[in-house]
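Accompanying notes for the structure given below.
Keep in mind that this is a model prediction, so the values were computed, not measured. In what follows, every chain begins at residue 1, and chains take the letters A, B, ... in the order their sequences are listed.
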Number of protein chains: 4
Amino acid sequence: MIGRLTRPPHPVLFALLYEPPMARAHKDVLPYLLPIDAAHVVMLAERGLLAGAAAAAILGVNQELGDRLERGDDVLDVPAVHRGVYFVYEREYITRLGDTIGGAAHLARSRNDINAAIARMRLRERLAALLDRLAGLVDAMASRAEAHRQTTMSGFTHMQPAQPTTLGHYFAGVTFELLRSIELLDRAYDTANRSPMGAAAGFGTSFPIDRRRVAELLGFAGVIDNSIDAVSSRDFAAHVLHALAMLGITLTRLATDLQTWSSVAYGFIGWSDDFVSTSSIMPHKRNAFVLEDIRGHAAQPLGALVATMTGMKNVPFANSVEVSAEATSHLWPALDATATACELTALLVANLEVHPQRAREFAAASDTCMTAVTDALVAEHGLAFRTAHEIVGRAIREGAGVAPEPLHVRIERGLAEATGATRAVAGRVLVQALDPDACVRAAEHGGGPGPDSVRAQLDAIAARLDALRDRSRERRRDLLSSTERRRAAAAGIGRAAARRADRDVPNSV
Amino acid sequence: MIGRLTRPPHPVLFALLYEPPMARAHKDVLPYLLPIDAAHVVMLAERGLLAGAAAAAILGVNQELGDRLERGDDVLDVPAVHRGVYFVYEREYITRLGDTIGGAAHLARSRNDINAAIARMRLRERLAALLDRLAGLVDAMASRAEAHRQTTMSGFTHMQPAQPTTLGHYFAGVTFELLRSIELLDRAYDTANRSPMGAAAGFGTSFPIDRRRVAELLGFAGVIDNSIDAVSSRDFAAHVLHALAMLGITLTRLATDLQTWSSVAYGFIGWSDDFVSTSSIMPHKRNAFVLEDIRGHAAQPLGALVATMTGMKNVPFANSVEVSAEATSHLWPALDATATACELTALLVANLEVHPQRAREFAAASDTCMTAVTDALVAEHGLAFRTAHEIVGRAIREGAGVAPEPLHVRIERGLAEATGATRAVAGRVLVQALDPDACVRAAEHGGGPGPDSVRAQLDAIAARLDALRDRSRERRRDLLSSTERRRAAAAGIGRAAARRADRDVPNSV
Amino acid sequence: MIGRLTRPPHPVLFALLYEPPMARAHKDVLPYLLPIDAAHVVMLAERGLLAGAAAAAILGVNQELGDRLERGDDVLDVPAVHRGVYFVYEREYITRLGDTIGGAAHLARSRNDINAAIARMRLRERLAALLDRLAGLVDAMASRAEAHRQTTMSGFTHMQPAQPTTLGHYFAGVTFELLRSIELLDRAYDTANRSPMGAAAGFGTSFPIDRRRVAELLGFAGVIDNSIDAVSSRDFAAHVLHALAMLGITLTRLATDLQTWSSVAYGFIGWSDDFVSTSSIMPHKRNAFVLEDIRGHAAQPLGALVATMTGMKNVPFANSVEVSAEATSHLWPALDATATACELTALLVANLEVHPQRAREFAAASDTCMTAVTDALVAEHGLAFRTAHEIVGRAIREGAGVAPEPLHVRIERGLAEATGATRAVAGRVLVQALDPDACVRAAEHGGGPGPDSVRAQLDAIAARLDALRDRSRERRRDLLSSTERRRAAAAGIGRAAARRADRDVPNSV
Amino acid sequence: MIGRLTRPPHPVLFALLYEPPMARAHKDVLPYLLPIDAAHVVMLAERGLLAGAAAAAILGVNQELGDRLERGDDVLDVPAVHRGVYFVYEREYITRLGDTIGGAAHLARSRNDINAAIARMRLRERLAALLDRLAGLVDAMASRAEAHRQTTMSGFTHMQPAQPTTLGHYFAGVTFELLRSIELLDRAYDTANRSPMGAAAGFGTSFPIDRRRVAELLGFAGVIDNSIDAVSSRDFAAHVLHALAMLGITLTRLATDLQTWSSVAYGFIGWSDDFVSTSSIMPHKRNAFVLEDIRGHAAQPLGALVATMTGMKNVPFANSVEVSAEATSHLWPALDATATACELTALLVANLEVHPQRAREFAAASDTCMTAVTDALVAEHGLAFRTAHEIVGRAIREGAGVAPEPLHVRIERGLAEATGATRAVAGRVLVQALDPDACVRAAEHGGGPGPDSVRAQLDAIAARLDALRDRSRERRRDLLSSTERRRAAAAGIGRAAARRADRDVPNSV
């Protein structure tokens, strides 16, 4: 029995709501509950709110359970009927240490702040891993962009050939959108990485605790100011999911382009047999089906975001299972799906086979240089851009038939009509303008595909990637040092208790 | 190697995309693939497209695998590297029966139509179970409505006391919205329950197959007319998810009301200790937290619906993993979440403790009868409704102070001012109007809480529930008889093959 | 002042919440409020709940306002400050007819049931128009499918060439998915088309009204059984939005295929200059940008669905602005967006230019007939399908180099290895199998592109389209006859009142 | 005719896709297009890419159009048929200045980068206004929190009374969640505030433009590195919508609590008559309906976010109407809805009437001090928390009957059983523990409601609000100075051209 309740949970409730979390407790709860408990007990002892000996005893069991958990052991002895993971966990201490010591730790705390802390620590761990993987994706994109800085291809707008660009320029462009989502995720880490401990049930405590110390011992970057906020809010889950969702949308756009360009009709790119599938019925098939799996996984976080936000809507701003357990539950599969989508994308990007000749030929054959021709008319003949655009547009229109006149003839006629003067469109200029590679080389301005331009873009990407990795390293260091600090403090409390125990036994040998 | 491919999947692909489905194959794929294969082979044999002996051999292995699967055995021998569940499954036959027979079944079919058929059969099974559970929920709601037809309480609008109603009337109202979603789900079953087999890769076949026969042997209600539609579309997943989502929204509304009314400030209802939780820190707590779990689970299908529809957006109308595997993947957890939400709701509704006295007192004390007073002025004194409404509104306003005059005095004054004549507001009429129970008894019109009115509503609910259960029974019968038909046909082919084999061995003893 | 309130709305509230609905009242409210009021008053008079003369006077004003509204007049005299459209409307009657008659109609009704009725009638009208437009879209699709039953093209899976099909077969396939959404919408019409009148504030009434009569006079197909349901539920808005959302998703898939096939790299289809745009900078551009507008509009209802369902989540099951006004507000722009997307799609489909030669050549050049070759090996040489598939797959692999051997040589070698016997692959068979047109003609089974098969599909589509149009006609008839019935009843009441007035004036000349 | 096109848009296209944007052009396009054009022309002139005289002429027209637009004039002469706003705008210049000058500005630019710049500038303006309004909301919340720092009320978890808190503590808690969303929005401003100009169609340009100068002249904080990114990406729309959506969710939680506490059963708070509505049928009604409007508006951005992200899904990473026009279209109504929800919330919060006595009485009567009693047993009697919790829980259980023993008797019995010793529970301690005000005063730790604790929270809020307002001021300054810089540069070019013109006319009088 707990508190005023006289009956255990109804069997159906137990089966649906108590057993599933318990089944996942060793993976999802204990790795965080154990350090939280230790940090809290250390702080209580340091503040004189818990006797040193009691604290030492509790920390001893905590350490032992932690060691066994790390070895993969089942550390909780789960009774047939119970009231949830926390009570089973606390019972472990009471069984070993007796009521007086085993039940003493739950001072100035509640499952409410503990659950909030668990969610934040679990998320922190998962985010750190994902951010590393995302850095890998950016790396893969940037290195392919580097490799294909000179791989001329048609750029597209509205799926129609537009102007010459390079595959490297394209990859750099997509990478910038990815980076913005990743940086948002990086910031969401900081929002999540604050300690709710001390909020207790949501109304703080009259015990003179030191919540900053607990935060420090758990590697949090700070505390949450207000105790109602600490237990009621899980907005960080939405922030993370949004960043994942937007990241996923970018991946769908990238995958769509890769699928188009690897389709037989385009044939600019492809993959070797270990990245494609065939058909059980159509023997000629080589399907880049992985791109569809990427898009499918990448679309999942948007659904999770909706479930999470809808799950928070119209919920009292107070501790509520609806928010603390239900709404955040969508976070974890979305993190998994994103990790898979990123890993698959990085793999396909890194192993891309490019057919530069085909890409270049398509660019040359699809009028993608007509803007360069127009620009040349402006630059060489001083035409207004709109006039030049009209002349070239008409020349293209007149070139549609079976045996059209040469382009320069058509342009010269337009030029004559527009300016009243007969001028020759210099062969060299036209040849230059009609060469996709030359167009690309010239497009050095406005963030275009020119080699120096893309070089500068890749430098910018590299700098932002470095910053991400620096922050990642720093965070890992912070977490490590908080673990060490926690262990040292616990050990200190243990040693002090042992000394006191020695002193208390005067005739000991 | 399969077809033109010379290499197995890359290890990362294998780990991320091939292993997970294989791990679930015995539960999610084989229970449907085995009957699909059997039905297809029976049809091929009946149409003379597969030799009887080969068909019999294949059906024999099929039967054996099915029997073992039912016993819970692992029936597939999964190689270290492979190209997916289907090829591993087919390999099983080739290993046992040789290339010529073991590889003969894949005629006029493809993984594309097979996967579509698996999704539909799996959904069918899950939907049937859910529909039964939903019938149970409606039953629980209706029976509580019946039990509380006379339990007077305040009705609310905008969370403020409105007019007297009964708990039974309220439950009936919610049940109607639930029923509309359930009936939509019931209809979605029919949309899903059509056979895609014969569509092959999406372009039909030149072999003169009989797809209606296959449909019949699998218990489908018909075939899908167009083969591209058959492999490309999974709209039924969206239809199902929409019905689940809307159902879930209704459950959140119900749970919100139940939580409000069970809060200490209202106290109309409650639950015994086996349905509530307490707090680890606040010993007085009795939390109806299950309602929050219900709302959390109930909000999930909306997220799944978004993920599914977004997953289908801008996908070519053709077979695509993005739609066939990814977009439908959100269906299964949403079905689970809905099942949990429904079971919890039915449990709480069935075990509701009602405090009728508190509910009635609140109704009496909160001016909920003032509309009845207004109506009485209209009926008894021939006032225009708006005039009566103004008189009563003003009387309430004037009753706000410390020691107000009696209500009838205030009303009579208003009446005098409005009509110019002094009239007594008859005591009996006012007493009657101010009695919430009497108000309820009188509200027999317009679908109100009057006992006959609610009686009629419950009859309507019962009729629709009966219709749902009839359809459910019918479907189960259809499935059972299709299984029998399939087995009989397979047995017939086996016997014919055995007879032929006997004939072909003239000198057998 | 209304009722107990002593002050008008705060100016900010007035500006944000009262003025915008009033600005739209003549378009969104009055066309429905006027008939609702008339029907209610007719019923009250028929039931003896309102004196004939009063009813006649009210109906006279109602008729006049209706006539003026139809002419486009502003019929409400809106005071500088008010409490919403309904009260301004009622005031019109009170001003003209005095308190006693002008304020008499609001008996046994409330803004709650009236608002529900307005929403349903407004939706009904919009849905009817949309369903007609959707019938037009289906018609356009079906007629293009008919026109291109023989237009051979490559079918695709995973964006790679798969097997030969026809443009007609493709259009038919998409049409089936469209039809399923349209039929769901058609059913949603029926769900919406039930009368909430009589529910009053949500608790019915003690006045012996006849709500079926009101329903009949408004053209509703029936009444809503329970009064709480009548005012609290707007699930029909979600049902409609779901059907629009799914319909939109199908349109995005169609538009994606059309954009791919009209891209320069494919070139199967296109549009004349009045359906494409060019670029302000790239003179060669011809962009089928309308397809992107279609997809954009088609994606909107999903957002509206989320807003609507989220808007209903955790709202008490009672009358609430959050549901009745806010959540349904997303319906109307979504209906507009869908109408636009459909009209644009129908236009592009109807004006599609097809380049059959290019489509056919691509099919022939992209190995799409290799399944037919495989089938031929099965049919002609009795191979197991898997064996034939392997032989063809390998032959394709071996055909990849610079100067490969002829296909039949490669196949014959595979055949020899597989069967141990040397067999010639008959030229005629291979030629036939490699002809995309012949493949299409043969694919008569399983819903494939064969001419008879598509014929049957188009017949099925036509039958369902006819059924939709029949229902549409029937509904329009029902609405018309309800209008006539309402007018006739009002006129009858007017005449009776006039007769009574005559009788009551004995000495009139 | 434009470019190669020979026909105007089809009338249906024109009506659906060309006319609506034109109708909004004076409000949504021209206020941004005019400065963009001016900045671009200034830069072209400064870089020698456009002759000074031509630039001066263009800038003159630009200035005039801008002046007239500011006065509310229609500045475009819209022909009956056209190809969109931009071409109509350019035509204005050509008409006035002739082909040679009027058509000269469109060098090294495209509608693609211009449209991106318009969207960013328009958003920037709207965001700045919204951020100011949000600062006002935070201010209103903080000032009410300040005012109610000592207003004791029951805190809740799971809608049941939990521990004493204050209304000020609650408001502070909600404000922190609001601030996090607002700060995200503030950051989204910076993401959006970068210039895409120079990207042209998405592929940069060979003309040696200075895009940083254009950015500076338009008040952008920098440029977008990559030209494909510049025209293809609208991720900032999703980032903004996410922040709005999360902000909205917080508002729904706040409004839900306010509605609960203002419901008759709670009665902690309320509003005067100008903030509530009554009923057309129920004369006693006072409905805080505005809270439902707030929740409805606040839920809209989530739908818009879904529409926007879904709208971007699977779109080629290239300029596309689907992203640039369609997906961003959901942004504007969501900004409106958020502005309304915020203004209404600030209004209701600022005008809240609080009933402190009722709130305090409820807290005292609902066992909210039982945790304090438990804490006192720990502090005074050295019990383990769990033991104390059990003792109090049982005492509450035993206090349920009709005439229970006094609380201290029940506790002392539990104490005796747990410790084996008889101890008196000191009257003073118990009285203190049972006083909600004392509980609140003591809860100074862990972010609780103690006065110093809330003081510190409000200081933190004030500091963050100041930072937001500083950034807002700074941005406004930046925009102003960019406008001045642009005008000065234009004027300089005008003067230089005039000087040159003077010099060029040697014999002028």
Contacting moiety of N112(A), where chain D heavy atoms sit under 4.5 Å: side chain
Can you tell me which portion of D257(A) sits under 4.5 Å from chain D's heavy atoms? Options are side chain, backbone, both or neither. side chain
Heavy-atom proximity to chain D below 4.5 Å, by part of I101(A): neither
Does any backbone or side-chain atom of A201(A) lie under 4.5 Å from a heavy atom of chain D? Answer side chain, backbone, both or neither. both
When the 4.5 angstrom heavy-atom criterion is applied to V174(A) and chain D, the contacting part is both
Among E177(A), R109(A), M159(A), H106(A), which has the most heavy-atom pairs under 4.5 Å with chain D? E177(A)
Atom pair CG (L251(D)) and NZ (K313(A)), whose distance is rounded to the nearest 0.5 Å: 12.0 Å
Which atoms of S206(D) are under 4.5 Å from chain A, going by heavy atoms: the side chain, the backbone, both sets, or neither? both
Which one wins on heavy-atom pair count under 4.5 Å against chain D: P196(A), P208(A), P449(A), A460(A)? P208(A)
Measure distances from R187(D) to the heavy atoms of chain A and classify the residue's part below 4.5 Å as side chain, backbone, both or neither. side chain
Of the listed V321(A), T310(A), I249(A), T260(A), the one with the largest count of heavy-atom pairs under 4.5 Å with chain D is I249(A)
Interface residue of largest heavy-atom contact number with chain A, from M312(D), M309(D), E322(D), under 4.5 Å: M309(D)
Given a strict heavy-atom distance threshold of 4.5 Å, which part of T191(D) is in contact with chain A: side chain, backbone, both, or neither? side chain
Between S227(A) and chain D, with a heavy-atom cut-off of 4.5 Å, which part of the residue counts as in contact: side chain, backbone, both or neither? both
If one checks every heavy atom of E444(A) against chain D at 4.5 Å, the contacting part turns out to be backbone
To check you understand the geometry: which heavy-atom pair defines the closest contact between A162(D) and F203(A), and what is its length? CB-CE1, 3.6 Å
Heavy-atom pair count under 4.5 Å with chain A, highest-scoring of S320(D), A238(D), A418(D), A200(D): A238(D)
Residue V315(D) versus chain A: region with a heavy atom under 4.5 Å: both
Check: R295(A) and T256(A) side chains under 4.5 Å, non-hydrogen atoms: yes
Find the distance between CZ (R253(A)) and CG (L178(A)) and round it off to the nearest 0.5 Å. 11.0 Å
Do we see a donor-acceptor contact under 3.5 Å between the side chains of H242(A) and H239(D)? yes
Contacting region of V323(A) [heavy-atom separation from chain D under 4.5 Å]: side chain
What's the separation between atom CG in D99(A) and atom OG1 in T387(D), rounded to the nearest 0.5 Å? 5.0 Å
Whatever's closer than 4.5 Å to a heavy atom in chain D on T371(A) counts as neither
Is it the side chain or the backbone of Q259(A) that comes within 4.5 Å of chain D heavy atoms, both, or neither? neither
Which bit of R441(A) is near chain D, if near means a heavy-atom gap under 4.5 Å: side chain, backbone, both or neither? neither
Under a 3.5 Å threshold, yes or no: a donor from one side chain and an acceptor from the other, between S233(A) and R180(D)? yes
Please determine, among N319(D), L305(D), N314(D), the option with the most heavy-atom pairs under 4.5 Å with chain A. N314(D)
Heavy-atom contact with chain A under 4.5 Å, split by part of E398(D): neither
Please report the closest heavy-atom contact between L97(A) and G102(A), naming both atoms and the distance. CB-N, 3.9 Å
I'd like to verify something: which residue of G450(A), P164(A), A395(A), A384(A) has the highest number of heavy-atom pairs under 4.5 Å with chain D? A384(A)
Student check: side-chain heavy atoms of F385(A) and D375(A) closer than 4.5 Å: yes
When A388(D), P316(D), A104(D) are compared by non-hydrogen pairs under 4.5 Å with chain A, the top option: P316(D)
Quick check on T374(A) against chain D: is it the side chain, the backbone, both or neither that has a heavy atom closer than 4.5 Å? neither
CZ-CD1 distance between F156(A) and I228(D), expressed to the nearest 0.5 angstrom: 11.0 Å
Please look at T175(D) and chain A and tell me whether the side chain, the backbone, both or neither of the residue comes under 4.5 angstrom of a heavy atom of that chain. neither
For chain D, which of G446(A), G204(A), G448(A), G393(A) has the most heavy-atom pairs under 4.5 Å? G446(A)
Counting C-beta onward and ignoring hydrogens, is there a side-chain heavy-atom pair between L107(A) and L50(A) closer than 4.5 Å? no
Tell me, do W261(D) and Y170(D) make a side-chain contact under 4.5 Å, heavy atoms counted? yes
Where A298(A) and T252(A) come nearest, the two heavy atoms and their spacing: CB-CG2, 4.0 Å
Within a strict 4.5 Å, meaning less than it, do heavy atoms of the H445(D) and F207(A) side chains meet? no
Highest number of heavy-atom pairs under 4.5 Å with chain A: which of T100(D), D235(D), T157(D)? D235(D)
Nearest-0.5 Å distance that lies between atom CZ in R464(D) and atom CG in D459(D): 13.0 Å
Less than 4.5 Å apart, side chain to side chain, heavy atoms only: is that true for L254(A) and T250(A)? no
Non-hydrogen atoms of chain A under 4.5 Å away: do they reach the side chain of S453(D), the backbone, both or neither? neither
Please flag which part of R211(A) lies under 4.5 Å from any non-hydrogen atom of chain D: side chain, backbone, both or neither. side chain
By a 4.5 Å heavy-atom criterion (distance strictly below it), what part of I391(D) contacts chain A: side chain, backbone, both, or neither? neither
Hey, what do you get for CG (L241(A)) to OG1 (T308(A)), rounding to the nearest 0.5 Å? 4.5 Å
Answer key: most heavy-atom pairs under 4.5 Å with chain D among A230(A), G202(A), A245(A), G303(A) is A245(A)
Do D225(D) and Q457(A) have side-chain atoms, one donor and one acceptor, less than 3.5 Å apart? no
Per-residue contact mode, I209(A) against chain D (heavy atom under 4.5 angstrom): both
Identify which part of M197(D) has an atom lying under 4.5 Å from any heavy atom of chain A, answering side chain, backbone, both or neither. neither
Checking F236(D) now: which residues fulfil ring pair (Phe, Tyr, Trp, His ring centres under 6.0 Å) with it, not counting sequence neighbours? none
With chain A, the option among H158(D), E90(D), H169(D), Q163(D) that has the most non-hydrogen atom pairs under 4.5 Å is H169(D)
Which is it for T6(A) and R397(D) under the side-chain hydrogen bond (donor to acceptor under 3.5 Å, both in side chains) test, yes or no, and what are the steps along the way? CA-CA 9 Å; T6(A) 56; R397(D) 211 162 64 220; 6.0 Å; no
